Amino acid sequence: MSDAAAPPAVSNFLREIVSRDMAEGKHKAVVTRFPPEPNGYLHIGHAKAICINFNIAQEFGGHCNLRFDDTNPAKEEQEYIDAIQADVRWLGFDWGKNLFYASDYFETLYEWAEHLIRNGDAYIDDQSAEETRLNRGTLTEPGKPSPFRDRSVDENLDLFRRMRAGEFPNGARVLRAKIDMAAGNINLRDPVLYRIIHTHHPRTGTSWCIYPNYDFAHGQSDALEHVTHSLCSLEYEDHKPLYDWLLAHLPVPSHPKQYEFARLNMTYTLLSKRHLTRLVQGKHVSGWDDPRMPTLAGLRRRGVPAPALVDFVKRVGVARANSVVDIAMFDACVREMLNKTASRYMGVLRPLKVVIENYPEGAGEDLEAVNNPEDPGAGSRKVPFSRELYIEQDDFMEEPPKKFFRLSPGAEVRLRYAYFVTCREAVKNAAGEVVELRCTYDPASKGGNSPDGRKVKATLHWVSAAHAKTAEVRLYNPLFTRPDPASAEDPISELNPNSLEVIEAKVEPALADAVVGTPVQFERLGYFCRDQDAGLVFNRTVGLRDTYAKA
Ligand code: ATP
Ligand code: MG
């Protein structure tokens with residue numbers, strides 16, 4: 001699976017639409033936008049939307065705006081605004097001067113709301129949220145018109161201005177579009193456009209106490225920015241008639257067209273800010289950048305290179321049909337990229353002591369080790385060898401089954417870059433557990449080369465006990481036990497209790513200088529990267545092989 005060649009840039013239906021529009025001369029330049037609400041950190045699903053929007057704009061010589069949909073101050077924070085910008089940049093995209101906020105347009109949006117009122121296209125409704133919900137009807141039954149639906153223009157204008165002036169408490173009244181309470185599409189049953197929220201806004205402070213909702217802000221912001229193609233995920237398809245209705249009823253400077261693509265879904269992964277927020281607030285994870293989170297900040301901290309993410313999104317492709325991507329495909333993209341770029345080191349996760357009885361006490365030597373067999377330019381380094389070593393507990397079995405070629409009493413193996421060694425005895429503690437191996441080495445096999453053509457079937461990684469550094473290693477497993485956590489009644493109850501395993505490992509001394517965030521390979525084990533936490537801490541990014549296949 002890891003040798004799947006990167007496919008050539010394939011076209012997709014969005015590109016075809018844009019390409020046709022450009023050929024027909026509909027636009028001078030393509031303008032797209034990525035419009036996150038700053039109410040959480042971006043996740044891998046957002047990476048798909050980011051790549052689609054920025055790539056299409058770039059390909060057709062246009063630009064992509066980064067626009068914050070900051071219309072609900074009750075849930076939005078500056079921390080999220082900053083994190084989102086850092087994440088988009090990390091992915092490798094640049095919005096240049098095209099950074100916008102829906103809040104930049106609050107005054108215009110307010111005027112446009114009055115415009116609707118004056119034309120009899122909107123009214124102030126005094127029903128409670130509960131009444132409004134009950135009167136909205138169902139998929140099979142039409143809604144009931146609000147008793148306030150036929151207020152005069154003057155009364156509506158007066159009430160709307162008093163809402164703005166702060167005369168009413170939260171929830172007392174809303175502004176609604178006057179469309180059709182019997183519409184088949186529930187979004188057209190007099191949707192709410194403005195609500196009262198007395199809360200400090202990260203950018204406009206206390207200037208406003210009424211805020212447009214997503215539907216009233218989104219299309220109009222697109223129009224103000226002369227967005228040509230408003231590309232969003234499928235759940236907005238039902239909002240499109242409202243998007244178009246509003247643009248048709250307002251004096252907007254342009255009429256963008258909305259197109260929808262399927263959201264990214266992935267097995268074992270929850271991609272919904274609402275649930276991710278619950279994980280953070282409930283302290284089920286250490287924060288938004290916990291390496292188990294599917295957030296860009298989490299993946300970055302885990303050691304996933306941005307180009308691997310971009311490559312993954314490209315391979316997933318763009319379609320209109322919903323589907324669920326196997327997380328193994330994501331891991332394969334990460335592995336493939338790291339295989340080319342990560343330097344190799346030796347680290348032992350579960351150390352078992354080995355004493356080389358015929359190696360002189362107090363002696364030692366530096367052996368030459370290749371940094372990256374995939375990249376000759378990466379050079380080599382010295383690894384210290386001595387009489388006492390650690391190998392992986394898994395690499396020894398006292399009573400090995402037939403196909404076990406690693407160490408067992410009497411067996412000979414190669415220690416990578418070092419020597420052939422033979423196990424002479426397994427020393428046990430009182431509980432009968434093997435705590436040490438007594439071995440001998442063949443001095444003629446230096447470098448791990450056979451002295452006489454005799455073969456060994458296994459090559460083990462090791463570290464010199466006296467030289468090794470102790471490191472905390474964090475092994476990550478999927479956050480959820482079931483492949484489809486989003487289908488669970490409450491996904492939080494499906495958390496994997498073993499999603500994080502912390503162990504004390506022994507690593508070769510060169511790793512003491514590992515740079516935070518730079519990926520490395522621990523030979524035979526997987527890809528790791530040093531964590532930002534103090535001390536010598538490594539996160540496992542991904543193992544060397546697909547472990548989901550077994551599951
Ligand atoms: P969530 O559903 O996770 O809470 P959201 O859609 O509410 O996310 P927004 O900040 O509104 O988050 O999203 C910004 C953009 O990202 C939207 O245009 C949306 O279409 C897109 N997006 C969000 N989730 C995904 C996903 N899983 N796959 C593709 N695009 C997505
Ligand atoms: Mg949303």
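Quantities reported herein were computed from a predicted structural model and do not represent experimental measurements. As the structure lists them, so they are numbered: ligands from 1, and atoms in each ligand from 1. Positions are given from 1 along the sequence.
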Which option, Arg67, Arg263, Met266, owns the non-hydrogen atom nearest atom 2 (O) of ligand 1? Arg263

When you compare ligand 1 with Lys48, is there at least one nitrogen or oxygen pair between them that comes in under 3.5 angstrom? no

Geometric N/O contact Leu264 with ligand 1, under 3.5 angstrom: yes

Applying ring-ring contact (aromatic ring centres under 6.0 Å, His included), can you list everything that pairs with Phe538, at least two apart in sequence or on another chain? Phe522

Contact check: Arg274 vs ligand 1, nitrogen or oxygen atoms, below 3.5 angstrom: no

Could you tell me whether His43 and ligand 1 have an N or O pair separated by under 3.5 Å? yes

Measuring from non-hydrogen atoms of Tyr214 to any atom of ligand 1, is the shortest distance under 4.0 Å? no

Value for CZ (Phe261) from CD (Glu237), rounded to nearest 0.5 Å, stands at 12.5 Å

Less than 6.0 angstrom separating the ring centers of His229 and His27, yes or no? yes

Should one rank His218, His275, His46 by closest heavy-atom distance to atom 8 (O) of ligand 1, which comes out on top? His46

Below 3.5 Å, N or O to N or O, backbone or side chain included: is there any such pair between Ser233 and ligand 1? yes

Listed once per pair and sorted, the salt bridge (Lys or Arg N to Asp or Glu O under 4.0 Å) pairs that draw on residues 87-96, sequence neighbours left out: Asp87-Arg300

Verify the neighbour count for atom NZ of Lys240: are there more than 12 heavy atoms of other residues, nucleotides or ligands below 6.0 Å? yes

CA sep, side-chain torsions, deciding dist, call: His115, Asp121, side-chain hydrogen bond (donor to acceptor under 3.5 Å, both in side chains): CA-CA 8 Å; His115 177 98; Asp121 289 327; over 6 Å; no

